[in-house]
K.L.:
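One structure coming up, written as structure tokens, with questions to follow.
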Amino acid sequence: MKRLILILFAIGMTAMSSMCMASMSTSKIRKETRFLTDKMAYELDMNTDQYNDAYEINYDFINSIRYIMDDVVRGYEWALDDYYQALDIRNDDLRYVMSDSQYRRFLRAEYFYRPIYTSGNNWNFRIYITYVNHNHYYFGRPYHYRSYCGGHYRKHYHNASYYSGRYNHTYYGRPHNIRESKVYYNNRRSDFGSITIRPNTSTRPGYNSSSRPGISTRPSHDASSRPGVSTRPDASTRPSTSTRPSHGTSSRPDASNRPDASTRPSNSTRPNSSARPGNSSSGREESSRSNRRDPSSVSRRSGNDNNEQKNKEKSSRSSRSSSDSSERRER
């Protein structure tokens, strides 16, 4: 009975540790990252700054492969290439953090240098083979254990390492890329030897435009293939600007052909102002107004004329009487 319980417990632990990264929560990723970094700091004798930077680098690595490990297990070659590319970035960033002696010890430890392997249809971290107690830690949590979310990954720094130049110690001189080493296929066989690679899977689906449905029949972006554009006249067939009318004065009418100012009609030939429209009507209106005067004014004028005539008669009479008196005196 005890033996059966131990067997079931071992199977359960193996199943838990071989969970695919895509189904893991962020807190689970942080726990796996801390466990791996804690053992690296213990064996490689890292200081606090190296421990914190190594946690960031391991977090970025595990987070970047979480969605491709299922495809690695299924045997897609493009997924293997992406995995080793992420692993080379992680190992190169650690090269700037560790000293030369630390990095050489790091390369000799497979569970640090190549941390993931497959067994059957499952994948797991090699560190659990050496350290079977998953709850034992030598150091406390990094100060940004819950806050770091990949802000120092290379994609945020134009594919350059954030950790380059942060330390004054002598680091390992040359990058050690797994894909470019002579033992690449030996390491690949050791890491994923239980996987059968599928043929014709070297190209990742969705990244090659010709493999997408309908893309091969999509019209080209060349301007000559667009409707109507091929019939557009070329610049060489456009009318030349030499046929544009010249700005010279030779084509304009000569000033001598214009009529002379002396031939303009004289002012004497202009119609008299009295004949302008409206003036005759005003004269007619004034005459009609004079004809329509007030009768009282006419009677007063006639009375005045009579008085003047009477006065003239009186004066003539007086003159006559004076002349008669003078004649009498003379006699």
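Side-chain atoms are counted along with the backbone in the values below, which use heavy atoms only and exclude waters and symmetry mates.
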K.L.:
For Tyr117, enumerate each residue passing the ring-ring contact (aromatic ring centres under 6.0 Å, His included) test, keeping only those at least two apart in sequence or located in another chain.
P.N.:
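Tyr117 satisfies ring-ring contact (aromatic ring centres under 6.0 Å, His included) with no residue once adjacent residues are dropped.
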K.L.:
Indicate the atoms forming the closest heavy-atom contact of Arg34 with Pro142, along with that distance.
P.N.:
CG-CD, 4.5 Å
K.L.:
Ile197 and Val73: same hydrophobic cluster, using ILVMFWY side-chain contacts below 4.5 Å?
P.N.:
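Yes, because Ile197 and Val73 connect within a single hydrophobic cluster, where side-chain heavy atoms sit under 4.5 Å apart.
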K.L.:
Can you confirm if the aromatic rings of Tyr83 and Phe192 lie within a centre distance of less than 6.0 Å?
P.N.:
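Yes, they do, as the ring centres are separated by less than 6.0 Å.
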K.L.:
Among Tyr184, Tyr113, Phe106, which residue meets the ring pair (Phe, Tyr, Trp, His ring centres under 6.0 Å) test with His176?
P.N.:
Tyr113
K.L.:
Would you confirm whether Gln50, through its side chain, and Val97, through its main-chain N or O, come within 3.5 Å as a donor-acceptor pair?
P.N.:
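A pair under 3.5 Å: yes.
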K.L.:
Which pair of heavy atoms, one from Asp38 and one from His136, lies closest together, and at what distance?
P.N.:
OD2-O, 4.4 Å
K.L.:
So, taking the atom named OG in Ser99 and the one named CG in Leu44, what distance separates them when rounded to the nearest 0.5 Å?
P.N.:
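Rounded to the nearest 0.5 Å, the OG-CG separation comes to 9.0 Å.
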K.L.:
Are the side chains of Tyr131 and Phe35 in contact, using a 4.5 Å heavy-atom criterion?
P.N.:
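In contact.
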K.L.:
Among the clusters formed by ILVMFWY side chains lying less than 4.5 Å apart, do Tyr59 and Tyr157 turn up in the same one?
P.N.:
yes
K.L.:
Kindly indicate whether the side chain of Ile129, heavy atoms from C-beta on, has any atom under 4.5 Å from the side chain of Glu110.
P.N.:
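In short, these two side chains do not touch, never coming nearer than 4.5 Å.
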K.L.:
Taking only residues two or more places apart in sequence, or in another chain, which ones meet Thr33 in a side chain to side chain donor-acceptor pair (under 3.5 Å)?
P.N.:
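Not a single residue meets the side chain to side chain donor-acceptor pair (under 3.5 Å) criterion with Thr33.
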K.L.:
To the nearest 0.5 Å, how far apart are OH in Tyr138 and OH in Tyr42?
P.N.:
4.5 Å
K.L.:
Measuring from Gln85:CD to Asn177:CG, what's the distance to the nearest 0.5 Å?
P.N.:
10.0 Å
K.L.:
Mind checking the CG-CG spacing from Asp191 to Leu87? Nearest 0.5 Å is all I need.
P.N.:
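Reported value, rounded in 0.5 Å steps: 8.0 Å.
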K.L.:
Looking at every non-hydrogen atom in both residues, tell me the closest pair between Asp93 and Ser161 and how far apart they are.
P.N.:
OD1-OG, 2.8 Å
K.L.:
Contact between Phe112 and Glu43 at the side-chain level, heavy atoms closer than 4.5 Å - yes or no?
P.N.:
yes
K.L.:
So Tyr171 and Met98, do their side chains get closer than 4.5 Å, heavy atoms only?
P.N.:
no
K.L.:
Looking at Ala54, is its backbone amide N or carbonyl O close enough to the side chain of Asn58 to form a donor-acceptor pair, meaning the two atoms are under 3.5 Å apart?
P.N.:
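Yes, because the side chain of Asn58 sits within donor-acceptor range (under 3.5 Å) of the backbone of Ala54.
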K.L.:
Using the ring of each side chain (for Trp, its six-membered ring), is His152 parallel, tilted or perpendicular to Tyr162, with breaks at 30° and 60°?
P.N.:
parallel
K.L.:
Identify, with sequence neighbours excluded, every residue that meets side chain to side chain donor-acceptor pair (under 3.5 Å) alongside Asp92.
P.N.:
Arg95, Arg154
K.L.:
Find out whether Asp71 and Trp78 are in side-chain contact, i.e. whether some heavy atom of one side chain is under 4.5 Å from a heavy atom of the other.
P.N.:
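Heavy-atom side-chain distance check passes, below 4.5 Å.
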K.L.:
Quick one: CE on Met40 to CE on Met46, what's the gap to the nearest 0.5 Å?
P.N.:
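Answer for the CE-CE pair, Met40 versus Met46, is 4.0 Å.
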K.L.:
Taking atom CG as the centre, does Asn47 end up with more than 12 heavy-atom neighbours from other residues, nucleotides or ligands that are less than 6.0 angstrom away?
P.N.:
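Check passes, neighbour count above 12.
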K.L.:
Which residues satisfy the salt bridge (Lys or Arg N to Asp or Glu O under 4.0 Å) test with Arg179, sequence neighbours excluded?
P.N.:
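With sequence neighbours excluded, Arg179 shows a salt bridge (Lys or Arg N to Asp or Glu O under 4.0 Å) to Asp88, given in chain and number order.
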K.L.:
Among Ile, Leu, Val, Met, Phe, Trp and Tyr joined by side-chain contacts under 4.5 Å, find the other residues sharing a cluster with Ile89 and list them by chain and number.
P.N.:
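Tyr153, which link up through side-chain heavy atoms under 4.5 Å apart, make up the rest of the cluster.
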K.L.:
Checking Tyr55 now: which residues fulfil ring-ring contact (aromatic ring centres under 6.0 Å, His included) with it, not counting sequence neighbours?
P.N.:
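Tyr55: ring-ring contact (aromatic ring centres under 6.0 Å, His included) contacts with His144, Tyr145.
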K.L.:
Under the side chain to side chain contact (heavy atoms under 4.5 Å, CB included) test, which residues partner Ser190, sequence neighbours left out?
P.N.:
Arg114, Arg126
K.L.:
So, for Thr118 and Gly193, which heavy atoms are closest and what is the spacing to 0.1 Å?
P.N.:
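Residues Thr118 and Gly193, closest heavy atoms: OG1-N, 4.4 Å.
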K.L.:
Considering non-hydrogen atoms only, spot the tightest contact between Pro115 and Leu36 and give its length.
P.N.:
CB-CD2, 4.5 Å
K.L.:
Quick one: pull up CG in Asn187 and NZ in Lys182 and give me the separation to the nearest 0.5 Å.
P.N.:
14.0 Å
K.L.:
Could you tell me which non-hydrogen atom of Ile116 sits nearest to which non-hydrogen atom of Ile65, and how far apart they are?
P.N.:
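What the structure gives for the nearest pair is CD1-CD1, 3.1 Å.
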K.L.:
Going by side chain to side chain donor-acceptor pair (under 3.5 Å), name the residues that satisfy it together with Arg146, two or more places apart in sequence or in a different chain.
P.N.:
none
K.L.:
Only counting residues at least two apart or in another chain, list the ones meeting salt bridge (Lys or Arg N to Asp or Glu O under 4.0 Å) with Arg104.
P.N.:
Asp100
K.L.:
Can you name the residues that form a ring-ring contact (aromatic ring centres under 6.0 Å, His included) with Tyr185, not counting sequence neighbours?
P.N.:
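Here no residue qualifies.
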K.L.:
Not counting sequence neighbours, which residues clear side chain to side chain contact (heavy atoms under 4.5 Å, CB included) with Asn135? List them please.
P.N.:
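If we apply the side chain to side chain contact (heavy atoms under 4.5 Å, CB included) test to Asn135, skipping adjacent residues, the hits are Lys31, Asn133.
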K.L.:
Could I get the full list of ring-ring contact (aromatic ring centres under 6.0 Å, His included) partners for Phe139, not counting sequence neighbours?
P.N.:
Tyr51
K.L.:
Output, in order, the C-alpha distance, side-chain angles, deciding distance and verdict of side chain to side chain donor-acceptor pair (under 3.5 Å) for Tyr167 and Asp53.
P.N.:
CA-CA 11 Å; Tyr167 295 90; Asp53 288 342; 2.4 Å; yes
K.L.:
Among side-chain atoms of Glu56 and Tyr163, is any donor-acceptor pair under 3.5 angstrom?
P.N.:
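Yes, a side-chain donor-acceptor pair sits under 3.5 Å.
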